[in-house]
J.: 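Below you will find the structure I want to go over with you.
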Amino acid sequence: EELRPKEAGAEDEALAAMQQRRGDLDKAAAAMESRVAELRQTSSAALSQIEEEKRLREDAERKLRSMETKLEEAKETNATLVSHIEGWRKHCNEVTEAKDKAAVELGAARVQAAEAVAAAEA
């Protein structure tokens, strides 16, 4: 009978140790579940950020393509304007040459007229 209380005490201690271990495991499991929830939340936030960055990149690429198209159109417009300017410059040069020629001819005609007037008066 003396052994019986010792055995009962040992069983109680073993049971208490097992219950303590169970409590420790429950706490560890709860901590792990909490960490898993945090990781899921972080992962979800990271995925959202990646999707937002992807959307922003696609928008930027779309804007870049649009700007490249506008640049090409501007180059074509510029080439057309340069062509028109060169045409007008040529036309202006021709007009200037014609004006200069007419001025020379007018000067010669005045000289001839003056000579004719002088001859008529003489």
Side-chain angles (χ1 to χ4, degrees):
E1 271 192 40
E2 285 182 26
L3 291 178
R4 191 74 178 138
K6 284 184 182 179
E7 286 178 8
E11 286 177 5
D12 289 342
E13 286 179 22
L15 182 59
M18 288 189 339
Q19 287 174 340
Q20 178 66 37
R21 180 72 178 142
R22 169 84 190 257
D24 293 344
L25 290 174
D26 287 344
K27 286 180 187 176
M32 290 175 82
E33 287 175 4
S34 175
R35 182 67 180 140
V36 166
E38 288 174 13
L39 290 172
R40 282 188 179 137
Q41 190 174 20
T42 301
S43 174
S44 177
L47 286 174
S48 294
Q49 185 176 355
I50 288 169
E51 288 173 5
E52 178 65 12
E53 288 173 359
K54 180 181 175 186
R55 186 189 63 75
L56 291 172
R57 187 184 73 243
E58 288 170 352
D59 286 349
E61 288 172 351
R62 214 174 1 265
K63 287 178 183 176
L64 178 61
R65 283 191 300 275
S66 174
M67 292 173 86
E68 287 171 342
T69 300
K70 288 178 183 177
L71 177 62
E72 288 303 315
E73 291 171 355
K75 285 179 181 179
E76 291 173 10
T77 300
N78 188 45
T80 301
L81 290 173
V82 166
S83 175
H84 287 311
I85 290 168
E86 288 172 356
W88 277 105
R89 188 174 290 146
K90 182 180 176 187
H91 176 71
C92 289
N93 288 339
E94 291 169 354
V95 167
T96 301
E97 288 174 12
K99 182 188 85 152
D100 292 345
K101 183 179 177 185
V104 169
E105 290 174 359
L106 178 61
R110 284 183 179 157
V111 168
Q112 287 177 352
E115 288 173 351
V117 167
E121 290 177 352

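Note that this is a predicted model, so its numbers are computed, not measured.
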J.: CZ/R65 to NZ/K63 distance, rounded to the nearest 0.5 angstrom?
T.: 12.5 Å

J.: Can you tell me how far apart CD (E73) and NZ (K70) are? Round to the nearest 0.5 Å.
T.: 8.5 Å

J.: Using a 4.5 Å cut-off between side-chain heavy atoms of Ile, Leu, Val, Met, Phe, Trp and Tyr, which other residues end up in the same hydrophobic cluster as L64?
T.: none

J.: Can you list everything that forms a side-chain hydrogen bond (donor to acceptor under 3.5 Å, both in side chains) with E68? Sequence neighbours excluded, please.
T.: none

J.: Is K75 paired with E72 through a side-chain N to carboxylate O contact shorter than 4.0 Å?
T.: yes

J.: Please name all residues satisfying side chain to side chain contact (heavy atoms under 4.5 Å, CB included) with E121, sequence neighbours left out, ordered by chain then number.
T.: V117

J.: Just list the side-chain donor-acceptor pairs under 3.5 Å for residues 31-44, sequence neighbours left out, or say none.
T.:
{"from": "R35", "atom 1": "NH1", "to": "E38", "atom 2": "OE1", "distance (Å)": "3.3"}
{"from": "T42", "atom 1": "OG1", "to": "E38", "atom 2": "O", "distance (Å)": "2.9"}

J.: Could you walk me through whether R57 and E61 pass the salt bridge (Lys or Arg N to Asp or Glu O under 4.0 Å) test, one step at a time?
T.: CA-CA 6 Å; R57 187 184 73 243; E61 288 172 351; 3.7 Å; yes

J.: Name the atoms and distances for all side-chain donor-acceptor pairs under 3.5 Å in residues 13-28, with sequence neighbours left out.
T.:
{"from": "Q20", "atom 1": "NE2", "to": "D24", "atom 2": "OD1", "distance (Å)": "3.1"}

J.: Can I get a per-line list of side-chain donor-acceptor pairs under 3.5 Å for residues 90-107, giving both atom names and the distance, sequence neighbours left out?
T.:
{"from": "N93", "atom 1": "ND2", "to": "R89", "atom 2": "O", "distance (Å)": "3.4"}
{"from": "T96", "atom 1": "OG1", "to": "C92", "atom 2": "O", "distance (Å)": "2.9"}

J.: Is E52 paired with R55 through a side-chain N to carboxylate O contact shorter than 4.0 Å?
T.: yes

